> 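This structure is in structure tokens; I'll ask about it shortly.
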2 protein chains.
Amino acid sequence: MELDERKTVILKAIIKNYLETGEPVGSRTISKYTDLNLSSATIRNEMADLEELGFIVQPHTSAGRIPSDKGYRFYVDSMMQEHEKEVEQLKDVLLEREEKLDHMLKQAAKLMAVNTNYATMVTAPRNSRNTIKFLQLSRMDDAHILAVIVIEGNVIKNTVIDVEEALNDETMLKLNILLNTHLNGLSAEEINLGLISSLKQQAGMYGPIIAEVIDAVAETIKEDEDLEIYTSGTNNIFKYPELSDNQKASDLINAFEEKQLLTQLIDDTNEEGSDEIKVYIGEESPIQTMKDCSIVTANYEFGDGMRGMIGIIGPKRMDYDKVVGTIKTIKSQLDTMYRKDEK
Amino acid sequence: MELDERKTVILKAIIKNYLETGEPVGSRTISKYTDLNLSSATIRNEMADLEELGFIVQPHTSAGRIPSDKGYRFYVDSMMQEHEKEVEQLKDVLLEREEKLDHMLKQAAKLMAVNTNYATMVTAPRNSRNTIKFLQLSRMDDAHILAVIVIEGNVIKNTVIDVEEALNDETMLKLNILLNTHLNGLSAEEINLGLISSLKQQAGMYGPIIAEVIDAVAETIKEDEDLEIYTSGTNNIFKYPELSDNQKASDLINAFEEKQLLTQLIDDTNEEGSDEIKVYIGEESPIQTMKDCSIVTANYEFGDGMRGMIGIIGPKRMDYDKVVGTIKTIKSQLDTMYRKDEK
DNA sequence: ATTAGCACTCGACGATGATGAGTGCTAACG
DNA sequence: CGTTAGCACTCATCATCGTCGAGTGCTAAT
């Protein structure tokens, strides 16, 4: 059996209607809803076919039909090519505030949540090029030294180092030169044991300080391992009855709190490295607890090789059209942010 | 009518039983539950008295009784003096990891959540003494200067400042000296417009840089306004049926996500500045959406005049005993943390 | 190929009644 | 006089049952 023109129209009508109501949709509804001028009986025949083809299912005999995962997939695929919708009003909101990165990302998450009424997430960009850009020790007071480490992409890290006795200016200068000449421009892999012990040796009695600095460097570089994830609109899931029974809601809320669980999503999104928007429907989701949801994700590129992810999570009957539009807008905002920031 | 000895025993028995089961408790249960050897009929008479006194209420005729807010309050008050319970096993867990502050606080929140099965929150310490301890400008590359600001309590802030053209070492040194001699040890209030314009004047053509630094200083000092709040165990609320109907759950989850809402709690806790543990029962809560909950909070002091708050939020029938114990332990851990950190 | 018609299915809903936990009151008891 | 047994009464809960209606599949007519 083929999926001919008419079946396609009917299938889309079924899905669209279901997205709006959340109720199984019957043949009579479609008969009136479309301008095909077909009686409910004809629709019923077609629906039987569509069910056989696996695009729709009946929750129970003598209920209407609801889309299967395959049905949603079909809908999304055909929608994605159809139009390049725009959600203009979002454009400027993000740019208004020239705040620090984390504020901005938090804002982005909230913006998406408000706009779509689904749960959203934004990860901080993680830097793929982890080279040291700048290193500096300063004397804070007699007992403490402040170490500032800047790595590519302007991720900055501070560490306070305790010292036994005050260091004079000359020593500080010496240490600074030592560190910068040897470590500048290096990546995590390039800082090996040989280099470290060589540095310590050259620092003489100040070896322990060097060691602490290098520890801090290591920590800074690996910081993206427990990377920041901002979420928003978590409680939107209560708006969709199919997700808000206690067990499911609890699992979902938990997934959003234990942000580690969301990292699976990130890996999956990053993996293919593509610039496309991804849609996971139901069982396609890499996160087991979200098999009743659909997830839409995209990567953004923050310049300097730093990439992050944005995502929206909602019920399977989400408004794919709007969600994809929103994601696209936010993505392009974040993509261009870096350049604009540099002015 | 008086609250005599026997009534007290019965009241406590009712509350204790209700805390365990979550069900209204009847006279027969109490008759067997206590070792008073009274028949259910007698208990009924006493219960009628207790209801008249306002300690317990009937959800509907011919259901058992449940504690009123006043009843909980009585129970908590009498319990608080009774014993100084200890939760030893928590002691060391926190100290194991010598991580950065935010990790530690996150950990503390999680620890409390796991230990009590309620929702928990921990705020980062906010510094009451906001004086500048250390200031430094460094040249990162030709187009960027890195400003590092340290304020009392070792809160550190970095800002990258764009410059039109490279500054030479001598200029950098001059600016550093200028900033440090004039700003060191000052608080936000003391940095007034006169001082700022005087500084700008002295900096000559580098006035704009000074301006940016001062902006960053301001931002650092006021940073405690949108202060970090760590939460954990949010989804524990699903474990308590009385909180997990959709409307209430949604409101609560929302309160935990929009962390601003929790700040009311902080203000309230800080206000009296006392070192006590506070218990808010039902309507006593400063947060309207939590009027079906109880909240237990305490302040901790992180040295250098920095104080933060920890809190546990659960159903009114929470295990006050355990919660207060847990809070006490975590509080004392955090209180002593600073000193131990200094070694 | 389409449609009208019809018998059939099945969940949702409301009414109904039984069950049982729990109460308040009264009268008897030690 | 405090305590208790007993009893009538209340009320939430739960299962049962019939009704209703949306929706289906099939068949026969167009």
Side-chain angles (χ1 to χ4, degrees), chain A residues 1-11 13-18 20-68 71 241-242 245, chain B residues 1-11 13-18 20-68 71 241-242 245:
Chain A
M1 190 170 10
E2 271 301 283
L3 190 64
D4 60 21
E5 176 68 20
R6 197 172 70 179
K7 283 189 174 54
T8 305
V9 174
I10 292 175
L11 177 55
I14 293 172
I15 297 178
K16 197 165 175 187
N17 189 283
Y18 179 70
E20 283 164 16
T21 64
E23 300 281 300
V25 11
S27 52
R28 218 177 101 82
T29 314
I30 297 301
S31 161
K32 286 185 301 187
Y33 195 75
T34 61
D35 34 354
L36 286 174
N37 282 333
L38 293 176
S39 81
S40 63
T42 314
I43 303 291
R44 275 203 290 284
N45 291 327
E46 295 288 38
M47 279 164 95
D49 291 352
L50 284 170
E51 183 161 9
E52 198 181 330
L53 287 167
F55 289 106
I56 53 181
V57 290
Q58 256 181 317
H60 58 85
T61 11
S62 94
R65 308 302 216 283
I66 63 174
S68 65
E242 64 266 48
D245 86 84
Chain B
M1 187 168 15
E2 271 303 280
L3 191 63
D4 60 21
E5 175 69 21
R6 197 171 71 177
K7 283 187 173 54
T8 306
V9 174
I10 293 175
L11 177 55
I14 293 172
I15 296 177
K16 198 165 173 189
N17 188 285
Y18 180 69
E20 284 166 15
T21 64
E23 300 281 300
V25 10
S27 53
R28 218 176 101 82
T29 312
I30 296 301
S31 162
K32 286 185 299 186
Y33 195 74
T34 61
D35 33 357
L36 286 174
N37 280 334
L38 294 176
S39 81
S40 63
T42 315
I43 302 292
R44 274 202 290 283
N45 290 329
E46 296 288 38
M47 279 164 93
D49 291 353
L50 283 170
E51 182 159 9
E52 200 181 328
L53 287 167
F55 289 105
I56 52 181
V57 291
Q58 257 182 314
H60 57 84
T61 13
S62 95
R65 308 299 216 284
I66 63 174
S68 66
E242 64 266 48
D245 87 84

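In what follows, every heavy atom counts, from backbone to side chain, and hydrogens, waters and symmetry copies are set aside. Letters A, B, ... are given to chains in the order of the sequence lines, protein chains preceding strands, and every chain is numbered from 1. All values derive from a computational prediction rather than experimental measurement.
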> Measure CD/B/Gln58 against C1'/D/dT10 and give the value in whole Å, please.
10 Å
> Can you check whether B/Ile15 reaches B/Pro67 side chain to side chain, under 4.5 Å on heavy atoms?
yes
> Could you tell me how far apart A/Lys32 (NZ) and C/dT3 (C1') are, to the nearest whole angstrom?
17 Å
> Hey, does the side chain of A/Arg6 come within less than 4.0 Å of C/dT2's phosphate (OP1/OP2), counting only N and O?
yes
> Rounded to the nearest Å, what distance is computed from the CD1 atom of residue B/Ile30 to the C1' atom of nucleotide C/dG22?
13 Å
> For DNA chain D, whose closest nucleotide is more 5', that of B/Leu38 or that of A/Ala48?
B/Leu38
> Tell me the interatomic distance from A/Glu51, atom CD, to D/dG23, atom C1', rounded to whole angstroms.
12 Å
> Would you mind reporting whether A/Met47 and A/Ile14 have side-chain heavy atoms less than 4.5 Å apart?
yes
> Side chains of A/Thr29 and A/Thr21: closer than 4.5 Å at any heavy-atom pair?
no
> Protein-nucleotides 4-10 of chain C N/O pairs closer than 3.5 Å?
{"unit_1": "C/dG5", "atom_1": "O6", "unit_2": "A/Arg44", "atom_2": "NH2", "d": "3.3"}
{"unit_1": "C/dT9", "atom_1": "O2", "unit_2": "A/Ser62", "atom_2": "OG", "d": "2.7"}
{"unit_1": "C/dC10", "atom_1": "OP1", "unit_2": "A/Thr61", "atom_2": "OG1", "d": "3.3"}
{"unit_1": "C/dC10", "atom_1": "O4'", "unit_2": "A/Ser62", "atom_2": "OG", "d": "3.3"}

> Whole Å only: how far is the CD atom of A/Glu23 from the C1' atom of D/dG21?
14 Å
> Among the nucleotides C/dT23, D/dT24, C/dT3, which one has an atom lying closest to any side-chain atom of A/Met47?
D/dT24
> Find the distance B/Asp49:CG to C/dC25:C1' and express it as a whole number of Å.
14 Å
> Nearest 0.5 Å please: distance from the CZ atom of B/Arg28 over to the OH atom of B/Tyr33.
15.5 Å
> Please state how far atom CG in A/Asp4 lies from atom P in C/dA1, giving the value in whole angstrom units.
12 Å
> In whole angstrom, what separates A/Ile43's CD1 from D/dA22's C1'?
16 Å
> What nucleotide, of C/dT3, D/dG25, D/dT3, holds the atom closest to the side chain of B/Thr42?
D/dT3
> Output the distance between atom CD1 (B/Ile30) and atom NZ (B/Lys16), rounded to the nearest 0.5 Å.
11.0 Å
> Any donor and acceptor pair, going by atom type alone, linking the side chain of B/Ser68 with main-chain N or O of B/Gly54 inside 3.5 Å?
yes
> Report the distance from atom CZ of B/Arg44 to atom CZ of B/Arg65, rounding to the nearest 0.5 Å.
10.0 Å
> When you measure from the side-chain N and O atoms of B/Arg65 to the phosphate of C/dT23, is any distance below 4.0 Å, counting only OP1 and OP2?
yes
